[in-house]
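A short worksheet on the structure shown next.
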Amino acid sequence: MFSESTRKPTRPTRPRYLPRHMRSPQNGNDAFLDTGAPELTRSRFYSPQPVQSTRGRGRGRGPWFTARRNPNWEDEKFDELEIVDDTLEEAYVTNNLQAYEDIPVQAYEDIPVQASGDNVPPPVKTFAEIDLGDGLKLNIRRCNYIKPTPIQRHAIPIAVAGRDLMACAQTGSGKTAAFCFPIISGVLKNTLLVARHGGGGGNAVACPLALILAPTRELSCQIYEEAKKFAYMTRVQIAVAYGGTSIYNQLRRLERGVDILVATPGRLVDMIERAKVSLKMIKYLALDEADRMLDMGFEPQIRRIVEQMDMPPPGTRQTMLFSATFPDEIQRFASDFLSDYVFLAVGRVGSSTDLIVQRVELVQEMDKRNHLLSLLRSQRSNGTPHSKVQLASSNLIGVLFCTMPSLDSYKHADKEILFNVLQHALTLVFVETKRRADELERWLSRNGFSAIAMHGDKVQMEREQALRSFKSGATPILVATDVASRGLDIPHVAHVINFDMPKNIVDYVHRIGRTGRAGKCGLATAFFSDKNFNLAKSLAEVMKESNQEAPTWLVQHAENYSASGGGGWVRRGGVDFGGYDLREDIASSSTYNDIYGVPAIDGHYDAVSVDAPTLLGSGDDDYLVASDMNHNAAAAPYGYGSIVASGWD
DNA sequence: AAAAAAT
């Protein structure tokens, strides 16, 4: 049993970043509540004058300078971006969200933790308990990671002990850091850094010590940015390789030496075949969204990289697989890559977090468009525009969604504010095909909603532009295929709409996991059509697992027809997300409950982390947030208030 | 029958 200390009363919080689209036009400067809180005077969070060019500070030295190095990033926020330093902690300011403290939120919940394997290293309660190295530790502090999340508490000691790991944890619970910290720490301790260039000379072959694979380009980008932040000012060199963009720049980067390579499979294979990369020095291999990487479409490529290139075999490298879901079948594939691994499941695997309010609506195919329009219209019209928008900290989105069923018990004024939040929040709409994404984008635009589509038929520039436009709020509706369903950490997504249900329930869990991240709440609406009844049972189960109220028609159908649903991910009466160690001969196994801090009213894991929203600047129009480097996929630290870490999964 | 991932 591991339990957290008692609930902290009221935490001081930093002022919140308010994205452009949530600011009141006439009142941009006051987007942060004036609460009589101490002024930020000394803190360099405040950039009183435009920050000087970072040129003198060393081009490419760290993630905090990333924005400047990439000419494509034109967001004005980055022009003012300045390094976060140790004055972080001084920036705490209280805000009046405490006024909402009386809104009932379940304080704690036991979360099940299953850890099995030989001699499983015990979890820690703080980052300080683990020897991660000074440089990394300082960066963790810089990033405001105050306390580890449950998956981090359990996975990091296991990984630092050098063990192979198969880890499952809910979407938005901080998986990226859970594998990045041990890898960076391990690379730092590695005395073999000399081996960066295998060949030497102009034809250098890059020999990274660590490889992190991800299923989409945007996700690998996000992990890259995140990892760079963690490795800031250490000697650890990180590079990224993905398709859809010039390979030459990526190769040039590799020639400068790389310790950790983040990649999508295709581009990596290309580079290996060109003899620009060798995997012979790999000590750490991490697969993010591991079940996805090992499913039908991907498995041959991954197997090729892991087994048929020059990667050291299991046992001589450390392999870590992470995902929110881990079906049995995939676990079996995965065990080929592992050696004496620890299986870890934190939380109810496959269930979404309770923080996502899930609604299911029965909609006929032909009615979907109009249904979506009226849904968006009511979202837009509920509330009074402008007046109180600046109150709309995204924390309140959480309040709204968490309390939606009992919203009537709140004062009208509060409701108004809350609806304002929803009105200005980002909405992510998932569709089945690339074509439908384009069609729906056009339809929404024609009908007065600013929407943009993202899918794999767009060129990479367009994909990234769409994502950027969505993140910034310039286009508050994103219509996407499953390219956006996994891992992407997009702050301020308040509403995920499954316009078309995914084929299997695993994808549903990942899709809705784009909201409700890092302790914030979110809303997920499913358009359930005649074609989806094969999903009824598994959907009803997921909702039940997540303490959601499923409509009776769904439950009834689920009971009457035990049609397996879930596209084959089914096990004895249950949905198979994994969550159970398949090995039968494991020496030891422990299952216990961990006490998990459920977000306090302002959306932070009360017991897990201290709020740290990280305001950087204020001025005419500069709202600088360390964490909001999410735009560039950098990140934010855990628990960090209204700003969500990127790479959370 | 579909998305993704190299050119």
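Computed from a prediction, not measured in an experiment: that's the story for all the values here. Lettering of chains follows the sequences in order, A, B, ..., and the numbering in each one begins at 1.
Gly297(A) comes within 4.0 angstrom of a nucleotide base, judged by non-hydrogen atoms across all strands. At a threshold of 4.0 angstrom between heavy atoms, the contacts of Val483(A) are confined to the sugar-phosphate backbone, with no base atom among them. When heavy atoms are screened at a 4.0 angstrom cut-off, Arg463(A) is found touching the sugar-phosphate backbone but no base atom.
Put simply, CZ on Phe298(A) is 11 Å from C1' on dA6(B), counting in whole angstrom units. The NZ atom of Lys458(A) sits 19 Å away from the C1' atom of dA5(B) (whole-angstrom rounding). For Asn504(A) and dA3(B), the CG to C1' distance is 11 Å, given to the nearest whole Å. If you measure from atom CG of Leu268(A) to atom C1' of dT7(B), you get 15 Å, rounded to the nearest angstrom. With rounding to whole Å, Gln301(A) atom CD is found 8 Å from dA6(B) atom C1'. In this entry the distance linking CG of Leu488(A) with C1' of dA3(B) reads 14 Å, nearest Å. Atom CG of Asp500(A) and atom P of dA1(B) are 17 Å apart (whole Å). What separates NE2 of His455(A) from C1' of dA4(B) is a distance of 13 Å, to the nearest Å.
Within the 3.5 Å criterion, the main-chain N or O of Gly487(A) finds no donor-acceptor partner in the side chain of Lys175(A). The backbone N or O of Ser529(A) lies less than 3.5 Å from a partner atom in the side chain of Asn532(A), making a donor-acceptor pair.
For the salt bridge (Lys or Arg N to Asp or Glu O under 4.0 Å) test, no residue two or more places apart in sequence or in another chain qualifies with Glu462(A). Scored by the salt bridge (Lys or Arg N to Asp or Glu O under 4.0 Å) test, Arg163(A) finds Asp340(A) as partners (sequence neighbours excluded).
Ranking dA6(B), dA5(B), dA4(B) by closeness to the Tyr242(A) side chain, first place goes to dA6(B). The nucleotide whose nearest atom lies closest to any side-chain atom of Glu273(A) is, among dA6(B), dA3(B), dA5(B), dA6(B). Relative to the side chain of Thr433(A), the nucleotides dA3(B), dA5(B), dT7(B) differ in distance, and dA3(B) lies closest.
Taking only side-chain nitrogens and oxygens, Thr264(A) comes nearer than 4.0 Å to OP1 or OP2 of dA6(B). Checking the phosphate oxygens (OP1, OP2) of dA3(B), no side-chain nitrogen or oxygen of Arg292(A) falls inside 4.0 Å. Between Thr481(A) and the phosphate of dA4(B), there is a side-chain N or O to OP1/OP2 separation shorter than 4.0 Å.
Considering Arg511(A), Arg292(A), His510(A) as possible partners of Asp482(A), the one that fulfils the side chain to side chain donor-acceptor pair (under 3.5 Å) test is Arg511(A).
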